[in-house]
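Notes follow the structure.
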Amino acid sequence: MYHTKTLAELSSMLAAGKVSSVELTQSFIDRIKQHDSDLNSFITVTEEQALAQAKLADEKIQSGTAGPLTGIPFAHKDIFCTQDVKTSCGSKMLDNFIAPYNATVVEKMADAGMVMLGKTNMDEFAMGSSNETSYYGPVRNPWNTNAVPGGSSGGSAASVAARLTPAATGTDTGGSIRQPASLCGITGLKPTYGRVSRYGMIAFASSLDQGGPMAQTAEDCALLLNAMAGFDRRDSTSLELDVPDYTADLSKAIKGLKIGLPKEYFGEGLDAGVAEVVNQAIQQYKAMGAEIIDISLPNTHLAVPVYYVVAPAECSSNLSRFDGVRFGYRCEAPRDLEDLYKRSRGEGFGTEVKRRIMVGTYALSAGYYDAYYLKAQQLRRMISEDFSKAFEQVDVIMGPSSPGTAFNIGEKTNDPVSMYLSDIYTIAVNLAGLPGISVPAGFSNNMPVGLQIIANSFDESRLLNIAHQYQLATDWHKQIPKAFA
Amino acid sequence: MEWESVIGLEIHAQLATKSKIFSSASTAYGAEPNTQACAVDLGLPGVLPVVNQEAIRMAAKFGLATGSNVSKHSVFARKNYFYPDLPKGYQISQFELPIVEKGKMEIELEDGSKRIIGITRAHLEEDAGKSLHEDFHGMTGIDLNRAGTPLLEIVSEPDIRSAKEAVAYMKKIHSLVQYLEICDGNMAEGSFRCDANVSVRLKGQEEFGTRAEIKNINSFRFVERAINYEIERQIDVIESGGEVIQETRLYDADKDETRSMRSKEEANDYRYFPDPDLLPVILDDAYIESVRNTLPELPKEKHQRFVSEYHLTDYDAGILTSSRELADYFETVAKQLAGDAKLVANWVIGDLSARVNKEDISIRQSPVTAKMLAGMLKRIEDNTISGKIAKDVFNAMWSGEGDADTVIENKGLKQITDSSAIESMIDDIIASNPQQVEQYRSGKDKLFGFFVGQAMKISKGKANPAQVNEILKQKLNG
């Protein structure tokens, strides 16, 4: 069966002619048709286009012009604009929106010959940690369909975990790749801010948003990042740096690696079962020759409050363009301009999005700007400096990706603050612009637990190497939920 | 009571870049609605702005030309408000850290006195689109061709004390941006427009009065009228016991009055914050120097050079350098002539400017090019035609009858300089007007003009006037 294979294995099989891209694509489409009604992980399935792309990929493979990703099926989070295909961002506001252009990431993956199966479900405008804010309904966790998959890239995480696709793209503003990867038991990488172009990726909080790969293994993520990363002149914040081959360092030994454990990531609020799994993973690294060093990131407690000023402030402005004038949802029979604005936005946006627009508008208002937005920016620098100091001492930082395992659908919807705290270990990484990865490290009460590894800027190669070495020694990443085996 | 007005101007100069400030769409004027608006200009989901380096360079040029501080670190900020022709729901502008700060501009008043007007700042921003209220049956059409067009907003200090000073300042800036080739200055197309902040106070009073802002004035004449109207209105309000309120007003040119648009209380809270999609604009010394090296000769320097190099009067040099195209035209002509540049100045300031103004075209559009005018003036210099005949030649050239030599040839306007021919003509005149000759000789000097007139009439204006004068004098006095 193809679905149990990693992307890297499928790549070899395609190259060796053991399977065609069309066969592979059809098999995953069949799995989506068979299983996705249990998960709701896809908003759109693009069967016809996928088979057409697969056919072209097969021609490339036969003519010897294929790369390692040619013919590999995958899915895009529905936040990436895809030409002629609905791009909803999980919102009623964009339920009717068909993008007239491709995001840079979409272009790059198509250029690599990859085959898009469809667009995955997500929290509305990527605002959420449980995938419950989607206009298209919640996504279910393949390990327990009463539980959330995490968010906002919940559809991508669930579909990879259930092996409905070998890989998917995600975006991470405060943990939206790493937290669902952790809750669904897959590998998810958030690259350094600016590594992957944001052009065509619908903005939530521009200074934090970053696209990245989600797959079964670190090796798969490395292959995907090779295609996704790179300078884009259409994104002024993208980094004008060469892209290394992220697979080149995967097999390097990690003996002597200095791992920092911030005491703030193991304190109050961390589930005991999760703590145990993470500690075991760290023991594994120790056994592999790593040195464990206790460190402190003293401003960690500021990360959530800072984030919930900066991100809503930016989103309040980024989402102003959804006004019912040029595209997207427009209310029925507006009486006048104000009515058009109020009802289009009032009816088109969901509760969480409206809450954040309100918070952000408030934080930027005259008289409050200094106390909130400006203050948050100052604290953001302090959080960033915590990491800089830590990286003078250690190579990477490890801890849990999320304080708990997947919670039940509906459990936290009426308690936004408790929901926000599920990103407590991931948010600081976005504020500092650093790369981070979540790797499956075991189970607590039969639900997956992710280990988060954080590196210094541009050190994705090291992160992938460290994660890969762990995956050579463990088989947590190979576990498949029974219902989808 | 004696009142003093306090005025500050915010001038919006559209920068003459080929593409928009944050996208690659064309900025050309007059295209079909929405044909020059790309995904970025439409504010589609997911698009990002990328700053046009040419707009940065132009702003830096303006800064250097006004002795301003060109900031090495400036920041684009979002100005948030909802309006249908503002696609993103915010305008990208600069707020706390503009690219140009603290400059000045010298203006000259009608009485010849000079004043310095401070320039607080100049910042880059994008223009909005246009809302079209006609032709849509109660609905509004949106044209986003203009959305994203680069603007330089030039903010003056409240140093201006009268409508006339405001106009003088605006004209100076208008001339400068054209000298720098950063703005086409076309006011009819909205490439150069201004907002005026106006307040009044008692003479001698130190603190400013409450100001009103008059929005979007697009001609020099309207600036003067709108400000004068507003000054009168505010004085009336105060003198009749009222209070000026801080508000935004619109000037209605048809009624020649300003009207309230919105008060301070209704004003938007723009929620400015640095645009996270754009990096700060960082300029280093080498860049600023490289821009400085591209600065053209500025009006003041050109003025001084015209006085010293072409021996023009201060007044003539001032007029000729008031716009770059006029100055360039003059100099192109002057360089082709051997003699006195005063002749060139007279023609350019006189007949040419009069004609250009009358037809409401720019010098650049003049059918008589600098080369053609030079060709004609050469024929004055070498006595082929007289100054009087030249006016006919000029008119013929203007109507498209060819260059000066062609016109002179075709119309037979060549001056008669053959002394013997002129002598025999004058002999005839004297012989046929004995009465006038006698009166002249008995002391009626004024009749000299009569004889000149006869000579010109008979020669159809072609006799060389100097020779006619000389020979007439000899014969009549002899």
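Naming convention: chains lettered A, B, ... in sequence-line order (proteins, then strands); numbering from 1 in each chain. We use all heavy atoms of the structure for the numbers below, so side chains are in, but hydrogens, waters and symmetry mates are not.
Looking at B/E247 and B/R249, a side-chain N of the basic residue comes within less than 4.0 Å of a carboxylate O on the acidic one, giving a salt bridge. The residues B/E153 and B/R193 are annotated as not salt-bridged, no charged nitrogen and carboxylate oxygen being separated by less than 4.0 angstrom. Looking at A/R198 and A/D232, no side-chain N of the basic residue comes within less than 4.0 Å of a carboxylate O on the acidic one, giving no salt bridge. The pair A/K354-A/E352 does not meet the salt-bridge criterion, since no charged nitrogen lies less than 4.0 angstrom from a carboxylate oxygen. Using a 4.0 Å cut-off between charged side-chain N and carboxylate O, A/K190 and A/D172 make no salt bridge. For B/D41 and B/K20, the salt-bridge test passes: some basic side-chain N is under 4.0 Å from an acidic carboxylate O.
Highest contact tally toward chain A, considering only B/L42, B/D275, B/V51, B/L144, is held by B/L42 [criterion: heavy-atom pairs under 4.5 Å]. Comparing B/P274, B/P87, B/S23 by heavy-atom pairs within less than 4.5 Å of chain A, the highest count is held by B/P87. Counting heavy-atom pairs under 4.5 Å between each of A/Q377, A/R233, A/R234 and chain B puts A/R234 at the top. Chosen from A/L364, A/L374, A/L208, the residue pairing most often with chain B at heavy-atom distances under 4.5 Å is A/L364. Comparing A/I79, A/T237, A/L340, A/L94 by heavy-atom pairs within less than 4.5 Å of chain B, the highest count is held by A/T237.
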* To do: Report the C-alpha distance between A/S134 and A/D123 in whole Å, list the side-chain angles of each, state the deciding distance to 0.1 Å, and finish with yes or no for side-chain hydrogen bond (donor to acceptor under 3.5 Å, both in side chains).
  => CA-CA 5 Å; A/S134 171; A/D123 278 301; over 6 Å; no

* Give the C-alpha distance, both sets of side-chain angles, the deciding distance and a yes or no for ring pair (Phe, Tyr, Trp, His ring centres under 6.0 Å) between B/F273 and B/F95. => CA-CA 8 Å; B/F273 75 108; B/F95 186 53; over 10 Å; no

* Given A/R321 and B/Y90, is the side chain to side chain contact (heavy atoms under 4.5 Å, CB included) satisfied, shown in steps? -> CA-CA 8 Å; A/R321 70 189 60 197; B/Y90 58 83; 3.2 Å; yes

* Run the side chain to side chain contact (heavy atoms under 4.5 Å, CB included) check on B/N52 and B/F22 step by step: do they pass? -> CA-CA 6 Å; B/N52 183 339; B/F22 299 117; over 6 Å; no

* Working for side-chain hydrogen bond (donor to acceptor under 3.5 Å, both in side chains), residues A/T82 and A/T87 -> CA-CA 7 Å; A/T82 43; A/T87 302; 3.3 Å; yes

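Heavy-atom neighbours of chain A within the stretch residues 72-85 of chain B, taken at a separation under 4.5 angstrom, comprise B/R78, B/N80, B/F82, B/Y83, B/P84.
No part of B/Y270 comes within reach of chain A, as not one of its non-hydrogen atoms sits under 4.5 angstrom from that chain. Only the side chain of A/F322 comes within contact range of chain B, with heavy atoms under 4.5 Å apart. For a residue to count as touching a neighbouring chain, one of its non-hydrogen atoms must lie under 4.5 Å from one of that chain's; by this rule A/Y199 touches chain B with backbone and side chain alike. Contact of A/A103 with chain B is not made at all, since no heavy-atom distance falls under 4.5 Å. Heavy-atom distances place the side chain of A/F97, and not its backbone, under 4.5 Å from chain B.
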